[in-house]
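Residue numbers start from 1 in every chain, and the chains themselves are labelled A, B, ... in the order their sequence lines are given, proteins ahead of strands.
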Amino acid sequence: MLDRVYEIFHEKMKDKGQGMGIGSALTSEFLMLSFLLIGTILVLRTANSTILGFGALIILAGVLFTVPTVFKVEKENTDSINLSSFYVALTLALLLIIFLGGI
Amino acid sequence: MLNNSTLIPLMVVLPLIMAILVNFLHQKDKSVKFISIVSLIVFVFIPVVTLYGVHLFSGHLRTGSFPEVSKILIPEVYMGIVYSYGAVQKILMVVLTILTGFSVLAVINKKMISGVYMAMIFISLAASSAIILADDIFNFFVFTEILVVAQAALVIAVQEAKSFKAAFKYMIFGTISGASILLGIALLLGSYGLLNITDLSHAIQAGGALTPIGLVAVALLTLGWLYESGLFPFHIIKSNIYENARPEISALLQVQSKFVLVAMALILFRVFSGYALLKSVILGFAIFTVVIGSVMALQQVELRKLLSFVAVSQAGLVAVGFGLGTPFGIAAGIFHAINDVLSMAILFFIASFVYDKFKTTKLDELGEGLQVVPLVGFVMLLATLAISGVPPFNSYQSEWRLIQASAQAGVPELGILVILLSVATFVAIIKAFYMIFMKPGSKVEVNKEVRGNLTKAIIVILILACLLIGLFPNMVYDPIYNFVVSLGV
Amino acid sequence: MFDYILLFAVALSALMAIIQENLYKSIIILTFESFSLAAIFHFLLATDVAAVQAILGAALLPGLFIVALYKTTQGRDE
Amino acid sequence: MEPFQVGSFLTAGVLIVTGLWALLMMDNILKKIIGANLIGDGVNLVLITIGYRPGGFIPEVMHHFHATATPSSYSHLLEFGEFASNASYSLPFALVLTNIVIGASTLSVMLALAVVLYNKYHTLSVHKMFEGED
């Protein structure tokens with residue numbers, strides 16, 4: 001799969017088209033994957049509760065199956081207000097659960 | 001009359017008075033221009049002259065408590081609102097006023113002087129300086145609300161459909177975050193009866209572990225902080241604000257957002273200092289913002305959107321410093337805020353120059369800029385090095401300290417992520433540099449009469465400031481470190 | 001007993017204001033809600049806040065909303 | 001905690017949750033603004049209910065406190081203790097007054113934005129406005 005990465009990205013980024021865009025998209029893909037790997041290692045190493053550990057592993061496995069994650073990230077971060085409201089509501093609930101639950 | 005203690009509130013009161021004055025003189029551009037230049041000089045002058053100190057608005061020193069009336073745990077209580085002016089506040093105020101001066105000069109130079117526009121800039125300056133100085137949590141809340149309205153007004157002034165949408169989203173979520181901050185304050189007021197931050201931190205430390213009410217207050221205040229600093233769920237809204245405002249104004253907005261991030265994080269750490277979960281939650285959101293911001297920045301094809309995502313991800317890096325929790329980490333975070341604000345301001349001023357010179361910021365259409373404006377191209381190259389942490393410049397000093405602080409705090413993985421982030425930032429902006437200045441075949445005609453001497457002067461001054469801090473970091477870093485250690489966070 | 005009725009009135013009219021389809025009706029319910037909130041402040045021994053809330057709830061709020069509604073769809077969505 | 005205080009805390013909770021739900025989920029711009037207004041009312045109610053003292057009286061500083069109250073010495077305020085322990089807590093009043101004013105100003109700016117957005121998009125539905133991106 002690794003040798004065809006450039007073609008995958010080129011075919012995915014037909015609309016943007018220029019060579020520079022694909023280079024930067026590859027960098028962002030590399031950054032995203034390294035963040036996921038390092039974040040999971042960090043959480044596994046420091047989290048004292050097993051819930052966080054398994055949660056991190058599940059997230060890592062889930063994301064790795066959709067490897068060119070960058071285009072999904074870009075689709076998730078559009079300007080629409082409904083998407084932002086969903087994430088704000090999610091964060092409010094997450095914060096209250098973390099602080100009150102004391103994970 | 002003008003002893004040191006009255007100079008401190010002057011930093012907030014004077015911009016407000018100037019805003020009201022300039023607002024009245026809306027039609028008379030000549031006098032608006034004169035007044036704003038004079039008041040700028042005064043604004044930059046006051047923080048430099050003021051010595052460290054505390055200003056008590058109620059005029060009384062700490063008073064004895066009333067045992068039978070109040071069951072407050074700590075012996076002494078501040079009466080009324082208190083403004084404290086320490087080392088960090090001084091540096092933040094000096095950088096804030098200088099950058100406000102630059103953006104106001106840029107606005108005046110563009111013949112866009114309207115009294116109301118200048119009034120909004122002065123109100124946002126007054127609000128952000130009050131947020132930096134306030135030692136009273138409700139006074140802090142009031143000025144965050146004023147800042148939200150003033151920043152939204154600055155974005156609305158662009159009169160485009162996209163800017164109206166961005167301002168509307170910004171205010172809608174501003175209501176949520178303002179309500180959650182006020183609810184957090186109400187819960188703290190209910191359980192401790194105090195609004196002063198120093199007393200509140202003593203009371204909470206004296207009161208032992210946080211009650212569930214205190215935990216809800218922490219969660220709500222953290223949500224408010226995420227909004228004010230443009231971290232994870234609110235990063236899109238904040239980058240829309242940077243993108244849709246005029247580039248020289250978004251240079252000012254990103255300064256205010258990062259300094260509000262620092263001020264509120266300091267408040268959170270002083271009030272809930274003994275609370276480890278807060279640090280890891282802040283670290284989690286900060287790292288997520290850093291990565292999402294730079295991943296999005298790498299995808300953009302428009303210069304202003306690219307720069308706004310870089311600004312958001314650099315704000316996340318400042319929050320990473322706070323997330324580490326150790327004094328070394330917090331000092332490195334604040335130091336990075338100052339460095340990053342300077343280098344981002346250069347890039348935004350360059351974006352405003354490109355927008356005026358070539359009438360577009362779409363990277364595909366731009367090109368061959370180096371023949372037209374070699375100086376701006378050269379300074380943008382230096383700014384790209386500055387922002388992605390290349391040695392002679394200032395961000396290197398703070399990112400190197402961030403990496404060391406994360407290693408000392410026991411999370412060396414963060415150091416790797418900080419390095420990866422600086423590489424990604426470099427790729428994003430060097431791509432923009434290539435497409436504006438070096439790429440052959442530009443499909444855009446050059447606007448001849450735009451000379452931009454003022455913008456060129458501003459960006460040269462700022463890049464020299466970055467170089468100066470880069471070569472002598474300790475003149476800025478040591479006072480910050482001593483202040484953070486003295487906070488006992 | 002009257003104050004508990006006020007509490008239910010505020011909670012109910014808040015829900016009604018949101019659920020109501022016709023915008024004009026929801027604004028009127030909103031005015032009623034913020035006015036009865038001012039009455040609750042009176043029962044909570046906060047008379048000066050009750051006065052300010054009453055003025056805002058009765059005068060400013062409906063005024064602004066009606067003007068905004070008039071300027072937009074007059075209640076119909078094109 | 002007196003039952004009335006608990007009741008008003010619950011009402012404030014209903015107000016905040018309804019406002020939050022309207023703000024996040026409703027598709028009409030004016031409904032979102034109504035939600036924002038409700039959240040502000042709910043938080044004000046929480047603030048006032050915190051300061052409520054059952055059976056107390058309105059904290060209106062009587063004349064004789066004023067005549068002798070000089071900031072320098074605090075001894076004469078001790079009979080003030082009897083007043084302070086019975087009147088309801090007056091600090092939240094200042095907070096709520098400021099918050100009402102902030103809510104009103106934010107409300108008016110958002111309504112102006114809604115009108116301007118309507119003139120550009122001829123619809124009040126947020127979905128049509130924000131989904132029709134470039």
Sub-4.5 Å heavy-atom contacts with chain D: which residues of residues 8-15 of chain C show up? C:Val10, C:Ala11, C:Ala14, C:Leu15
Let me know if D:Leu38 has heavy atoms under 4.5 Å from chain C in its side chain, its backbone, both or neither. side chain
Would you confirm whether D:Asp27, through its side chain, and D:Val126, through its main-chain N or O, come within 3.5 Å as a donor-acceptor pair? yes
What is the distance from atom CG of D:Leu30 to atom CZ of C:Phe65, rounded to the nearest 0.5 Å? 6.5 Å
Taking the side chain as everything from C-beta on, heavy atoms only, tell me whether C:Thr47 gets closer than 4.5 Å to C:Phe41. no
Top contributor to chain D interface from C:Leu61, C:Ile40, C:Ile19, C:Ile27 [non-hydrogen pairs under 4.5 Å]: C:Leu61
With rounding to the nearest 0.5 Å, note down the distance linking NZ in D:Lys32 to CD1 in C:Ile18. 11.0 Å
Can you check whether D:Phe93 reaches D:Leu47 side chain to side chain, under 4.5 Å on heavy atoms? no
With a 3.5 Å distance limit and no angle check, can you tell me whether C:Lys71 reaches the backbone of D:Val115 through a side-chain donor-acceptor pair? no
C:Leu60, part contacting chain D, at a heavy-atom distance under 4.5 Å: side chain
Which bit of D:Pro92 is near chain C, if near means a heavy-atom gap under 4.5 Å: side chain, backbone, both or neither? neither
With only heavy atoms counted, which part of C:Leu37 is less than 4.5 Å from chain D, the side chain, the backbone, both or neither? side chain
Please state whether the side chain, the backbone, both or neither of D:Asn44 comes within less than 4.5 Å of a heavy atom of chain C. both
Under 4.5 Å from any heavy atom of chain D, what part of C:Leu7 do you find: side chain, backbone, both or neither? both
Distance-only, no hydrogens or angles: does the D:Gln5 side chain make a donor-acceptor pair with backbone N or O of D:Thr49 under 3.5 Å? yes
For D:Lys31 versus C:Glu21, what's the shortest heavy-atom pair and its separation? NZ-O, 4.1 Å
Any chance you could measure D:Ile34, atom CD1, to D:Ile29, atom CD1, to the nearest 0.5 Å? 12.5 Å
Looking only at heavy atoms, which two atoms of C:Gly57 and C:Ser34 are closest? And how far apart? CA-OG, 3.0 Å
What's the shortest heavy-atom distance between C:Leu56 and D:Ala104, and which atoms? CD2-CB, 4.2 Å
Greatest number of non-hydrogen atom pairs under 4.5 angstrom with chain C, of D:Asn37, D:Val101, D:Leu117, falls to D:Asn37
So which part of D:Val96 gets closer than 4.5 Å to some heavy atom of chain C, the side chain, the backbone, both or neither? side chain
Non-hydrogen atoms of chain D under 4.5 Å away: do they reach the side chain of C:Glu33, the backbone, both or neither? side chain
With a 4.5 angstrom heavy-atom cut-off, which part of D:Leu107 approaches chain C: side chain, backbone, both or neither? side chain
Between D:Asp41, D:Leu97, D:Val14, who has the most heavy-atom pairs with chain C when the cutoff is under 4.5 Å? D:Asp41
Minimum heavy-atom distance D:Leu45-D:Ala12, with the two atoms named: CD2-N, 3.7 Å
